[in-house]
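What's counted below: heavy atoms across the whole structure, side chains too, no hydrogens, waters or symmetry copies.
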Amino acid sequence: MSTVEAPGKKRAQIAARTLRTDNWRGYPIFVVVVFTAWVAYATVRAMMGKYYWVDEYHYLTPFYSPCVSESCVEGSAHFGTFLPKLPFFIPFAAISLPFLLLFRLTCYYYRKAYYRGYWASPSACAVREPHAKYTGERRFPLVGQNLHRYFWAIAAVISLINTYDALLAFHGKDGGFGIGLGSLILLANVVLLWGYTLSCHSCRHIVGGRLKNFSKHPVRYWAWGVVSKLNERHGQFALITLGSLVVADLYVALVSGGAISDLRIYN
Amino acid sequence: MTEIERHSYDVVVIGAGGSGLRAAIEARLQGKKTAIISKSLLGKAHTVMAEGGAAAAMGNVNPNDNWQVHFRDTMRGGKFLNNWRMAELHAKEAPDRVWELEHWGALFDRTKDGKISQRNFGGHEYPRLAHVGDRTGLELIRTVQQKVVALQQEDHREFGDYEARLKVWAETTVTRLLVQDGKIAGVFAYVRETGRFVVLEAPAVVLATGGIGKAFKVTSNSWEYTGDGHALALLAGGTLLNMEFVQFHPTGMVWPPSVKGILVTESVRGDRGILLNSEGKRFMFKYIPEVFKDKYATTPEEADRWYDDPDNNRRPPELLPRDEVARAINTEVKEGRGSPHGGVFLTVVGRMPGGAEEIKRRLPAMHHQFKELADVDITSEPMEVGPTCHYVMGGVEVDPDTAAALVPGLFAAGEVAGGMHGSNRLGGNSLTDLLVFGRRAGMGAAEYVDALGEDRPAPAQEEIDRAVAEALAPFEREGGENPYAVHAELQQTMNDLVGIIRTEEELKQALEALDKLRTRVANVSVQGGHGYNPGWHLALDLRNMLIVSECIAKAALERTESRGGHTREDHPGMSAEWRKVNLVCRLAGNADDPRVELKRQPMEPMREDLIALFDNDELKKYLTAEELPAEAKDAAVTTKEGDK
Amino acid sequence: MSYQAKFRVWRGDDGDGELVDYTVEVNEGEVVLDIIHRLQATQAPDLAVRWNCKAGKCGSCSAEINGMPRLMCMTRMSTFTEDETITVTPVRTFPVIRDLVTDVSFNYEKARQIPSFDPGDTKPGEFRMMQQDVQRSQEFRKCIECFLCNNVCHVIRDHEENKPQFAGPRFLMRIAELEMHPADESDRRQIAQDDHGLGFCNITKCCTEVCPEHIKITDNALIPMKERVAGKRYDPLVWLGSKLGIVKKGQDTPSA
Ligand SMILES: Cc1cc2nc3c(=O)[nH]c(=O)nc-3n(C[C@H](O)[C@H](O)[C@H](O)COP(=O)(O)OP(=O)(O)OC[C@H]3O[C@@H](n4cnc5c(N)ncnc54)[C@H](O)[C@@H]3O)c2cc1C
Ligand code: SF4
Ligand code: SF4
Ligand code: FES
Ligand code: FES
């Protein structure tokens, strides 16, 4: 800040991309492997068009919820089938899956993960990124990340539907109440989905973060406190729900396809 | 000849700590073109390290608090050696200065009704320290730093230049004040980054350079604290007051060796921390001195009740003024009841109702510091602590109202100024001291500049040439000594011979040793270039540390009593006669090799209305019989009524 | 208990320099800054390093140790093995003055462009603020201005050309601090996006990873700011509302 003329100013010239000696590649590799595998699995399953409903116990996989196409098997469509029969590449849950995808794509945690993992921007802290230019989230399409709050609102509605599905899955063989491993898995999945959805940064903002004076809004302050606590684990919820979705879906698929039979606890 | 840049200002402030920045803000608010010079970057000055809080009698927590009570505490803490006018101004103005910070954006911790919360601290009768967790100094310096920025933004709007009226010279070190015809004419400095020299011409200079801790080996102070302001004032013809009073903070870290001396804040004790010796005994009860007997608890039970019910119990002896606690720890260690690394134990384990969580919340910085530096978890293990050189009460002799030093145009505020704290500073009084007297110094300087009019002294070329030669001398000398080695020896000498407990014999040895060091300091040499060369910087700082050390040792030898931050083993008592005496240092003799000269100077008697704030019984402990207001007592009461 | 450690320290000025090898004594309980000081006192008296408090409070001693941005005074030697070579370089994002010392004036310039606290008409002493209202900004005010976050942020670390448009996490956090300050009356959302580059941040969280004060910069300052900006600029409902006159638009504060 002083004006007495200083020598020519250059950064320290160090050729190495990074001098880090720890295992910084671990996280980006983990992200690429897990996400790629997950997307592959989800794509295959969403387009499969079968093994998504167990009529005996009313198990519906979240990948087909809500099932709204005329192709949906009987009983699986809890909200009517207002879409016609669809070509194979459009999933039966055409009104929810795209939004869930956008919800996760614009999620602050996933953004961090895929910017680091797929885009190497940066792969890890203090590791030089390979791009010549960088403009961040200031232009189309990335400026769209700012719409996250809307996708969150839609996702919250879908979570409600998933909850409804999970409750219906407490269905016994003889029509009344029943509990099987499947119903428990679907329930656990829904609880985790709520954990993920409620711990969202947009949710935190809407619930109370946007206020300047908490003391004037004690209820919202309390709610903000709860969401903030959850929010500390948002990244964990994001990863765990990937797993729980696959487990729930796979279980339903296996039972539905007859590969295994559901482990019944009650009725 | 080296090319030297020149700039001119109305006011130059040396130091960018709390006092320097506050002074600069004031000078700028008075419309003066102001420069701030700092050895390090903006916002890194020592003030950033203050932890506990800023003492101001706002009465937010206990409404009984007011300036009179604060004034009394300050005088008691300083053992009545304080400049009473400074203590009065400080106690009266501190609340306004704290509120002003809030108006500039500071966020202190709050009480339930939304006011600034205040905490207990050693020597303060009521909870009085405005604080933010244990990082109050950071809040203070950041706030004034941001106020400086706010003013620069105003200037930017008005003149299109942020630095039109307020410029920060970061990483620039002043080595000489330039004096013309006995008046301040400017400062001479080098820029760290390049090693180039600058002259800032200015009729008024405010010293706000902080303390002298680096003259001691075990210290809580950073490399900046080399007594520059003290030495600069002396070299310019100013005087230093009562330099024998050096505060050793009772609780510095003692282990690991590399962090020895780093401070453990007093809030640990204010927040229920207790001191134990190696036998597990809470030893402070043994060390309550006569003058404080009726104010401190005599049993652990009473002491523990005090934290929750301070009105009906006396305070725990861990909260005695710092000098008492430091001496007690020293004695415990000397008598063989110390901890493994030569300190005592300080613990909060199991002492907070909220358990480990509460410890982490109330003492986050300490938790962090011990975890990271010593691998000690203070929620489950005790800390090891011992005394560390912390603060110098002595400093430049100034006028209380304007902060003007003896040299016309020179002002001083903050730790570098003397008088305010007497023989011992209370915790928390420094931060508000910085603000109160920083502001007054800025105003004093502005008024002085106004009074001076057009008639500004200009620095003489030969003086600048001398300053250049002096600064470059370490490069010229071949094969001289390494400055680091000389510095280490100076620190060792001061630590061993002029430390907490002093004797005539050791002080004489110290003076001899310092005399020898003088020739070695004059003979250090450095290698390398001029840009950012730490060896060179240290070589230049050595001059200052040496002068200051000499003042301390001389004054310590002269004062044959024990009081506050000065303890003479051979003169253990406090003497009412000595209370009337200020010891004043100046430089005399040959200008090229000046010597420290010491004079006794009578203390000005306290104003009657202030004396009347104390009981006669208490006054008897400090004042001589003739000073006591025996019959004046009645007179004092009438004047008080007359005031109304 | 003491051993000889292998150090590689970047030496040089004007950007061109090299890693120089040293072997130096290390004792129990020491931190990297101690070792650098030992080098200074014994082998390299003119080795330039910036430091003040040696207790992690002033934020002067920022550097990169084995490639990671850290405070030298808070990096304990016991976190390395005895046969490890420890590399110490200056922070990379700012120009070098000499050896480990860099010119961090970028940060002070950015600080000046952010409009200061604006108390409106409240007079000193009149503020009444509740603890829960000041808490959020207090977290950000723990910042010791070590600038490690600005150093590690890839937006400027890897793209010098973005410097004029990007204030860095430290100062975007300063904006968040003022936005959340219960007594502040300005609205800095617009300039956060337009002048100070909030949109550059892709929330990859490196600033949070390196912050020695463990401030949750990304989660508690940057993302909430992004949300506030989204509410102001990118929210179609808000846009519609303001067109219809249902949502009131406040005054935007220009950069200083
Ligand atoms: C660890 C610690 C904890 C403390 N805790 C508390 C507390 O809780 N409460 C309290 O009230 N007090 C506390 N204190 C004391 C208080 O912090 C200091 O006394 C006070 O900050 C001094 O402020 P200052 O403005 O006088 O100087 P400083 O803040 O030290 O600033 C000195 C400035 O002068 C500059 N300078 C020095 N020499 C030169 C030169 N030659 N040329 C140019 N510039 C120069 C420096 O660069 C620096 O900017 C504490 C002190 C320490 C060390
Ligand atoms: S989170 Fe944003 S500001 Fe922080 S380092 Fe990453 S890109 Fe930079
Ligand atoms: S936010 Fe953290 S990393 Fe950034 S400057 Fe402040 S203390 Fe340093
Ligand atoms: S869902 Fe991840 S931030 Fe909203
Ligand atoms: S020296 Fe102050 S933070 Fe390291």
Under 3.5 Å, side chain of [X] to main-chain N/O of [Y], donor-acceptor pair present?
X      : Y      : answer
B:R110 : C:M129 : yes
B:H103 : C:T122 : yes
C:N52  : B:K44  : yes
C:K142 : B:R135 : no
C:K57  : B:H46  : no
C:R98  : B:G531 : yes
C:Q138 : B:L107 : yes
C:Y108 : B:L42  : yes
B:Q153 : C:I114 : yes

Heavy-atom contact with chain B under 4.5 Å, split by part of [X]:
X      : answer
C:A111 : backbone
C:P212 : backbone
C:V104 : side chain
C:H214 : side chain
C:L47  : backbone
C:R50  : both
C:Q113 : both
C:P45  : both

Does a sphere of radius 6.0 Å around [atom1] in [X] hold more than 12 heavy atoms from other residues, nucleotides or ligands, not counting ones at 6.0 Å or beyond?
X      : atom1 : value
B:K217 : NZ    : no
C:K216 : NZ    : no
C:E126 : CD    : yes

Kindly compute the distance separating [atom1] ([X]) from [atom2] ([Y]), expressed to the nearest 0.5 Å.
X      : Y      : atom1 : atom2 : answer
B:E171 : C:S60  : CD    : OG    : 8.0 Å
B:L138 : C:C143 : CG    : SG    : 8.0 Å
B:L263 : C:C53  : CG    : SG    : 12.0 Å
C:K54  : B:I262 : NZ    : CD1   : 5.5 Å

Practice prompt. Could you give me the CA-CA distance, side-chain angles and deciding distance for B:D375 and C:R76, then say whether side chain to side chain contact (heavy atoms under 4.5 Å, CB included) is met?
Written response: CA-CA 10 Å; B:D375 207 10; C:R76 276 188 294 143; 3.4 Å; yes

With chain B as the partner, which of [options] has the greatest number of non-hydrogen pairs under 4.5 Å?
options                     : value
C:E213, C:H37, C:M130       : C:M130
C:Q40, C:E30, C:K123        : C:Q40
C:D118, C:D133, C:I144      : C:I144
C:A55, C:C73, C:A183, C:A48 : C:A48

Given heavy-atom pairs under 4.5 angstrom as the criterion, report whether the side chain, backbone, both or neither of [X] touches chain C.
X      : value
B:Q152 : side chain
B:N482 : side chain
B:E224 : side chain
B:K147 : neither
B:E154 : neither
B:Y532 : both
B:K371 : backbone

Taking every non-hydrogen atom, the tightest pair across [X] and [Y]:
X      : Y      : answer
B:W99  : C:P124 : O-CB, 3.9 Å
B:S258 : C:D34  : CB-OD2, 2.8 Å
B:W104 : C:F117 : C-CD2, 3.5 Å
C:H181 : B:G105 : NE2-O, 3.5 Å
C:R141 : B:T143 : NH2-OG1, 3.0 Å
B:F108 : C:V134 : O-CG2, 4.3 Å

Counting heavy-atom pairs closer than 4.5 Å to chain C, which one of [options] comes out on top?
options                       : result
B:H156, B:R142, B:E372        : B:R142
B:Q146, B:K115, B:M49, B:E100 : B:Q146
B:E139, B:Q527, B:H537        : B:E139
B:N533, B:L373, B:V149        : B:L373
B:A485, B:P256, B:A45         : B:P256

Worksheet item: Can we say C:R112 and B:E163 salt-bridge, meaning some charged N sits less than 4.0 Å from an Asp/Glu carboxylate O?
Response: yes

Open item on the list: Once you measure the plane-to-plane angle for B:W223 and C:W51, does it fall in the parallel (<30°), tilted (30-60°) or perpendicular (>60°) bin?
Closed with: tilted

Checklist entry - Stepwise, does the side chain to side chain contact (heavy atoms under 4.5 Å, CB included) test hold for B:D109 with C:Q131? => result CA-CA 7 Å; B:D109 286 348; C:Q131 186 62 38; 3.9 Å; yes

Any chance you could lay out the side chain to side chain contact (heavy atoms under 4.5 Å, CB included) test for C:M74 and B:Q369, step after step, and finish with the verdict?
CA-CA 9 Å; C:M74 294 305 271; B:Q369 178 176 321; 5.8 Å; no

